[in-house]
Amino acid sequence: MQKTDIKSMTEEELSVMLTDMGQPKFRAGQIFKWLHSGISDFDSMTDIPVSLREALDRSCYIADVKIVRKLKSRTDDTVKYVYELYDGEYIESVLMKYVHGYTVCISTQVGCRMGCSFCASGINGLSRNLTASEMLAQITAAERDNNIRVSNVVMMGMGEPLDNFDNTVRFLRLVSCDKGINIGLRHISLSTSGVVSGIEKLKEYNFPITLSVSLHAPFDDIRSSLMKVNRRWNIEQLLNACREYQKITTRRISFEYALIEGVNDTSRCARRLAEILKGLMCHVNLIPANPVKENSFQKPDKNKILLFKQQLEALGVNATVRRTLGADIDASCGQLRRKLKEGNM
Ligand code: SAH
Ligand code: SF4
């Protein structure tokens, strides 16, 4: 019999299961709290009768992640983790310290099938989706390891969250539960490469999260050469979906733009970017592209990046250059897992 992933269950679902097991109503809340407190076995649930703990252990499992590598930055407090999952797969997470607290960048899939040419996560395609519990476990493992509380989450690690839609929505519901990890949705960012069908579905939930859209180019020919997803949904379709999303959620959208030397860093690109974003309440996050071993992309020099930002601002677009935390341990997302798999780490 396949065991049930109990940490991915909502309190209501738990309640139904426990009632079926003949348990009193209050047990669901008690067990739900335990599950999200960072424990990884039923024996830790000290105020639950031993017979029930044993029954749960027979039919359910508590998902967790095991730290297999940990890289600490020497220049700031960033820590990069490679976690092993129950089936031997690896994923990556990053813990960052900001003045307002700790942020964890989590993965949503093992690998990714979107195949963006600048990204290491997609090189071998998708292995599998992560469960909601495995997304939650990345946060609690970092909290446990550092004896801290995490206040913000960004879904910007490996994988495309909207390609794992149901588990992503389940994660958002669970992580923001006051009996659970209790991180408010306003403190969560979800980054997508532009899966329009997913943006359209997500808007119906009206979550007050920040939607981050990886735009990376203002012209379809450039964007399609970098991101296969643009051949399915082009820039116009993507921005229309963003406008519709904003109409419902009234939330500012963040656009990610990785600057790649000689590809998308021209003033023609800056002008066009400002033009297509007109009317959207948004912010542009400029990221100096991270060189990946498997491709030849380079980031532009500092002056060029600054010029691009200034051009956008002069045209009325709000833009920042993302501070690169943990630059010395970087190896952009997906690279550590690859190195580990290849035995180079
Ligand atoms: N799949 C989602 C979220 C994970 S990727 C997405 O694509 O948005 C998180 C961010 O890292 C995205 O904006 C992605 O475009 C960016 N990224 C990936 N590889 C990069 C690289 N080598 N340099 C700079 N940014 C990169
Ligand atoms: Fe997947 Fe995002 Fe990497 Fe593209 S950038 S391959 S969507 S993880």
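Order of appearance sets the numbers: ligands from 1, and atoms from 1 within every ligand. For this chain, numbers begin at 1 and follow the sequence in order.
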With 2.8 Å as the threshold, which protein atoms of type N, O or S lie near atom 4 (Fe) of ligand 2? Leave waters out.
C116 SG

Would you mind running through ligand 1 and noting each atom that sits below 4.0 Å from a heavy atom of A289?
23 (N), 24 (C)

Checking salt bridge (Lys or Arg N to Asp or Glu O under 4.0 Å) for the pair R128/E89: CA distance, chi angles, key distance, verdict?
CA-CA 9 Å; R128 70 168 173 89; E89 292 282 7; 5.4 Å; no

So if I count the atoms of ligand 1 from 1 in the order they appear, which ones are less than 4.0 Å from some heavy atom of S193?
6 (C), 7 (O), 8 (O)

Do N290 and ligand 1 have an N or O pair less than 3.5 Å apart?
yes

For atom 8 (O) of ligand 1, which of A258, C112, S254, S214 has the closest heavy atom?
S214

In Å and rounded to the nearest 0.5 Å, what is the CG to CG distance from L136 to L35?
10.0 Å

Of the choices M158, H216, E256, which has the non-hydrogen atom that lies closest to atom 14 (C) of ligand 1?
H216

Where do S254 and E256 land on the side-chain hydrogen bond (donor to acceptor under 3.5 Å, both in side chains) test, with the steps shown first?
CA-CA 7 Å; S254 166; E256 307 295 306; 3.2 Å; yes

Short N or O distance, F118 and ligand 1, threshold 3.5 Å exclusive
yes

So for atom NZ, which belongs to K3, do other residues, nucleotides or ligands contribute more than 12 heavy atoms lying within a distance under 6.0 Å?
yes

Backbone or side chain, does any N or O of V292 fall under 3.5 Å from an N or O of ligand 1?
no

Within 4.0 Å of some non-hydrogen atom of T192, the atoms of ligand 1 are 6 (C), 8 (O)

At a 4.0 Å threshold, what atoms of ligand 1 neighbour a non-hydrogen atom of G157?
4 (C), 5 (S)

Show me the donor-acceptor pairs within less than 3.5 Å that the side chains of residues 303-320 make with the rest of the protein, sequence neighbours left out.
residue : atom : partner : partner atom : Å
K304    : NZ   : D265    : OD2          : 3.3
K309    : NZ   : E313    : OE2          : 3.0
N318    : OD1  : H283    : ND1          : 3.4
T320    : OG1  : H283    : NE2          : 2.8

Heavy atom of G159 under 4.0 Å from ligand 1?
yes

protein heavy-atom neighbour closest to atom 2 (Fe) of ligand 2 works out as G159 O, 4.4 Å

Neighbour count >12 (heavy atoms, 6.0 Å) for atom CZ, R243
yes

Would the number of heavy atoms belonging to other residues, nucleotides or ligands and lying under 6.0 Å from CD of E236 be above 12?
no

Would you please classify the geometry between the H216 ring and the F118 ring as parallel, tilted or perpendicular, with 30° and 60° separating the classes?
perpendicular

Do the charged groups of D43 and R53 touch, with an N to O distance under 4.0 Å?
yes

Should we say atom CZ of R113 is surrounded by more than 12 heavy atoms from elsewhere, each under 6.0 Å from it?
no

Is a salt bridge present between D5 and R170, judged by a nitrogen-to-oxygen distance below 4.0 Å?
no

According to a hydrophobic-cluster definition based on side-chain heavy atoms being under 4.5 Å apart (Ile, Leu, Val, Met, Phe, Trp, Tyr only), do L85 and Y61 belong together?
no

Give the atom numbers and elements of ligand 1 that come within less than 4.0 Å of a heavy atom of C119.
18 (C), 19 (N)

